[in-house]
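Please read the structure below before turning to the comments.
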Amino acid sequence: MNNTEIADIFDRIANLLEIKGEIIYKILAYRRAAESIRILSADLSGLSEKEILDVPGMGQAIAQKIQELLVTGKLDFLQQLENEVPPSLIELLKVQDLGPKKVALFWKQVGITTLAELEQAARADKLSSLPGMGSKSQAHILAGIKTLKQEKKRLPIDKALTIAEKWLEKLRGLKGLKQVEIAGSLRRWKPTIGDLDFVGSSDEPTAVMQDLLTLKGIQQVLSQGNNKTSVVTEDNLNLQLWLQPPKRFGSLLQFVTGSKEHNVRLREFALKQGLSLSERGFVDQKLKETLCPNDADVYRILGLPYIFPEMREDRGEIQAAIEHRMPDLVSIEDIRADLHVHTDWSDAHASLEDMVQAAINRGLKVLAITDHSAATNGVNGLNENRLKEQASEVQKLKEKYGQSITLLHGIEAEILEDGSLDLAENALAKLDIVVASLHEHLYQPRDVITARLVKAIRNPLVDIIAHPGGRELPRTNGADLNWEEVFQAAKEYQVALEINSNPVHLDLDEVHARSAGEFGVIISIDTDSHATHKFENLKFGVSVARRAWLNKQTVINTWPTEKITGWLKNRK
DNA sequence: GCCGTTTTCGGCCCGACTGTTTTCAGTCG
């Protein structure tokens with residue numbers, strides 16, 4: 001049983017306990033344990049009991065359940081729980097505005113156990129007479145079921161950002177709105193986005209909120225108030241606008257940026273200092289307020305260094321801030337090299353020279369041309385002859401643009417089924433840089449595919465492993481790798497693992513990038529551009545590195561040119 | 001069920017909005 005399956009079981013337990021009416025703190029404990037397991041890069045099955053207890057959120061009770069699951073593949077506690085509470089009720093929790101209390105009410109009083117039965121009962125007006133219910137609540141349930149059936153999927157960050165920027169422009173046009181910013185998971189640069197959160201400041205919130213509802217592209221109003229209004233947009237996304245007066249804007253921005261779990265931790269920390277924190281600001285024990293116009297004020301008043309939004313996930317960042325051991329995060333301005341781009345020599349749209357010029361225009365100082373090799377399917381990959389031809393073209397461009405940029409000639413070589421590369425050693429040895437990657441046979445058993453990737457890492461000609469997990473969203477989550485072995489080899493052989501900036505890859509993902517960094521593996525953030533405008537994707541790769549707490553120094557793209565070329569030479 | 005700058009027991013974030021109520025419960029973020 002793997003980590004994801006175990007995490008899912010703890011979430012399942014939490015849901016069932018909640019419907020059962022168990023105290024909320026026990027439920028939160030299971031949810032925290034599940035999340036903690038999800039972001040764990042080591043396999044639980046490889047950890048000792050003591051190591052499991054060292055994972056945040058793991059105590060005796062949960063550690064024992066993990067052991068039982070690992071050994072037997074089952075959990076007695078869960079089976080008993082499922083005998084008490086029908087597991088089909090969990091589905092009902094997904095209906096908007098339907099929580100554990102009402103689900104339990106419908107189950108116990110009407111005998112509803114499935115979504116279909118719930119819909120039937122609502123249609124037959126069997127719910128409106130129940131305690132705490134009414135005709136509006138019943139109608140909401142029917143609407144919620146309808147929405148659920150439409151299956152709103154989380155959007156990839158690039159698409160969400162485009163839509164959010166469109167709405168940001170619209171919101172800026174609202175009269176009486178002094179400031180407005182994107183908040184929520186988008187401000188944290190989460191790779192997928194569920195809804196759009198905006199925060200604003202105004203001294204006349206009623207008017208602003210009314211104006212909001214007159215904007216074009218609003219399908220439906222979910223709730224409306226002076227502090228918070230929630231709508232559904234034409235993009236079929238939930239959009240929320242939160243408002244506070246300007247002098248409270250910072251605490252509002254901090255709050256709506258989240259994550260929820262980060263806020264809970266931060267508020268607990270504030271309470272230890274006798275301060276109650278909310279989106280309105282701080283209140284001390286004598287009810288004296290301290291207001292925060294900027295979100296940095298919140299952290300400053302707590303005596304903490306600023307915590308960047310990308311780190312606000314309750315993954316140890318508050319403890320790190322308390323101890324003043326914050327990473328020196330990489331930012332987009334630090335990136336001066338792109339070591340993985342394509343041209344129309346293989347499957348890209350732009351010519352060699354176009355890509356070089358685009359890189360120069362973006363201020364890059366080092367660019368590696370790494371077209372596909374012949375063994376990669378359907379990409380017009382280069383064999384040795386064409387690679388040789390390309391080399392002379394690259395040489396011309398090196399001479400033409402050498403003042404502005406250091407050009408490297410390379411390849412993205414295919415890692416074959418047995419871990420070897422698809423070009424002869426002498427051809428690879430002539431190149432400035434070799435990027436290697438997996439595209440085919442991704443579903444080999446864990447041991448086999450790990451050995452295959454490790455073999456490529458040990459190949460002295462290989463400098464970078466591109467998109468190491470091989471994931472391509474939403475088609476595949478990638479290979480089942482033993483990451484510890486991969487990191488060990490990469491560290492030992494000084495091979496860089498890539499964070500691929502293309503939103504369909506974002507691979508390494510933030511969890512593995514973080515543990516790679518902790519392992520001491522060097523990282524390369526590349527765009528894998530197939531067109532000149534795709535250099536824009538760099539911000540997504542950088543966001544993964546920031547969410548992974550990577551120090552600037554571990555990212556080779558921030559290094560001075562001589563250090564990059566020196567690293568490449570020493571590897572040959 | 002977890003956890004410790006006050007704690008090995010007694011805490012565990014906080015406010016907004018809706019719909020049901022006549023002061024509040026439920027849900028959400």
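Fair warning: this is a prediction, and the values are worked out from it, not measured in the lab. Order of the sequence lines sets the chain letters (A, B, ...), proteins ahead of strands, with each chain counted from 1.
- Ring pair A:Phe519/A:Phe487 is tilted by interplanar angle, where 30° to 60° counts as tilted.
- The nearest whole Å value for the distance from the CG atom in A:Leu98 to the C1' atom in B:dG19 is 14 Å.
- Listed candidates were B:dG29, B:dA16, B:dG1. Nearest to the side chain of A:Arg280 is B:dA16.
- For the 3.5 Å distance criterion, the side chains of A:Tyr30 and A:Asn15 fail to qualify, holding no donor opposite an acceptor.
- Non-hydrogen atoms lying under 4.0 Å from DNA chain B are contributed by A:Val264, A:Arg267, A:Glu268, all within residues 261-268 of chain A.
- Spacing between atom CH2 of A:Trp242 and atom C1' of B:dC28 amounts to 8 Å, rounded to whole angstrom units.
- Of the candidate nucleotides B:dC14, B:dT20, B:dG1, B:dC14 has the atom nearest to the side chain of A:Leu271.
- Atom CD of A:Gln285 is surrounded by 12 or fewer heavy atoms from other residues, nucleotides or ligands within 6.0 Å.
- Separation of the P atoms belonging to B:dT21 and B:dA16 is 24 Å when rounded to the nearest angstrom.
- Closest approach to the A:Glu279 side chain among B:dG15, B:dT18, B:dG29 is made by B:dG15 (side chain taken as heavy atoms from C-beta onward).
- Put simply, the side chain of A:Lys102 and the base of B:dG26 share no donor and acceptor less than 3.5 Å apart.
- Rounded to an integer number of Å, the gap from CE of A:Met209 to C1' of B:dA16 is 10 Å.
- If you take CD of A:Gln240 and P of B:dT27, they are 17 Å apart, rounded to a whole angstrom.
- Rounded to an integer number of Å, the gap from A:Met133 CE to B:dT18 P is 17 Å.
- Listed nucleotides B:dC2, B:dC28, B:dG19 differ in distance to A:His140; the shortest reach to its side chain belongs to B:dG19.
- Checking B:dG1, B:dT18, B:dG19 against the side-chain heavy atoms of A:Ser223 singles out B:dT18 as nearest.
- Going from the P atom of B:dT18 to that of B:dC13 covers 25 Å, rounded to whole Å.
- Enclosure of atom CG in A:Asn477 is not indicated, since only 12 or fewer non-hydrogen atoms of other residues, nucleotides or ligands lie within 6.0 angstrom.
- When the P atom is compared between B:dT7 and B:dC12, the two are found 16 Å apart, to the nearest whole Å.
- Only the P atoms considered, B:dT23 is 30 Å distant from B:dG29, to the nearest whole Å.
- Residue A:Lys26 has its side chain nearest to B:dG1 when only B:dT18, B:dG1, B:dT20 are considered.
- With sequence neighbours excluded, the residues forming a side-chain contact (heavy atoms from CB on, under 4.5 Å) with A:Asp235 are A:Ile163, A:Lys166, A:Trp167, A:Thr233, A:Leu237, listed by chain and number.
- Nucleic acid contact class of A:Pro100 (heavy atoms, under 4.0 Å, all strands): sugar-phosphate only.
- For the side chain to side chain contact (heavy atoms under 4.5 Å, CB included) with A:Arg312, the lone residue among A:Arg187, A:Arg265, A:Lys260 that qualifies is A:Arg187.
- Residue-level contact check: A:Tyr30 touches the backbone only, with heavy atoms under 4.0 Å from sugar-phosphate atoms and none from bases.
- Separation of the C1' atoms belonging to B:dT8 and B:dC14 is 28 Å when rounded to the nearest angstrom.
- Ionic pairing of A:Asp54 and A:Lys50 is present here: one or more N-O contacts between side-chain nitrogen and carboxylate oxygen are shorter than 4.0 angstrom.
- The nearest whole Å value for the distance from the CZ atom in A:Phe10 to the C1' atom in B:dG1 is 11 Å.
- Distance from the side chain of A:Ser276 is smallest to B:dC14 among B:dC14, B:dG1, B:dA16.
- Rounded to an integer number of Å, the gap from A:Gln220 CD to B:dT18 C1' is 14 Å.
- The separation of B:dC17 from B:dC9, taken at their P atoms, amounts to 43 Å, rounded to a whole angstrom.
- Nucleic acid contact class of A:Ser36 (heavy atoms, under 4.0 Å, all strands): none.
- If you take CG of A:Leu237 and P of B:dG29, they are 13 Å apart, rounded to a whole angstrom.
- Considering only side-chain N and O atoms, A:Tyr25 lies nowhere under 4.0 angstrom from the phosphate OP1 or OP2 of B:dG1.
- Comparing the same atom, P, in B:dG11 and in B:dT6 gives a spacing of 15 Å after rounding to whole Å.
- Considering NZ of A:Lys159 and OG1 of A:Thr192, their distance stands at 12.5 Å, rounded to 0.5 Å.
- Neither OP1 nor OP2 of B:dG29 sits under 4.0 Å from any side-chain N or O of A:Ser259.
- In a base pair of the Watson-Crick type (N1 to N3 plus N6-O4 or O6-N4) or a G-U wobble (N1-O2 and O6-N3), with each distance short of 3.5 Å, B:dT8 is matched with no nucleotide.
- Remark on DNA chain B: of its neighbouring residues A:Gln244 and A:Asp97, the 5'-side contact belongs to A:Gln244, judged by nearest-heavy-atom nucleotide.
- Checking B:dC17, B:dG29, B:dT5 against every side-chain atom of A:Lys260, the shortest atom distance belongs to B:dG29.
- Ranking B:dT20, B:dG29, B:dG1 by closeness to the A:Lys136 side chain, first place goes to B:dT20.
- When distances run from any side-chain atom of A:Ser278 to the nucleotides B:dG1, B:dC14, B:dG29, the shortest one goes to B:dC14.
- Between A:Thr214 and A:Asp211, the side chains place no donor N or O within less than 3.5 Å of an acceptor N or O (distance only, hydrogens not considered).
- With respect to A:Glu510 and A:Arg315, a salt bridge is recorded, a charged nitrogen being found less than 4.0 Å from a carboxylate O.
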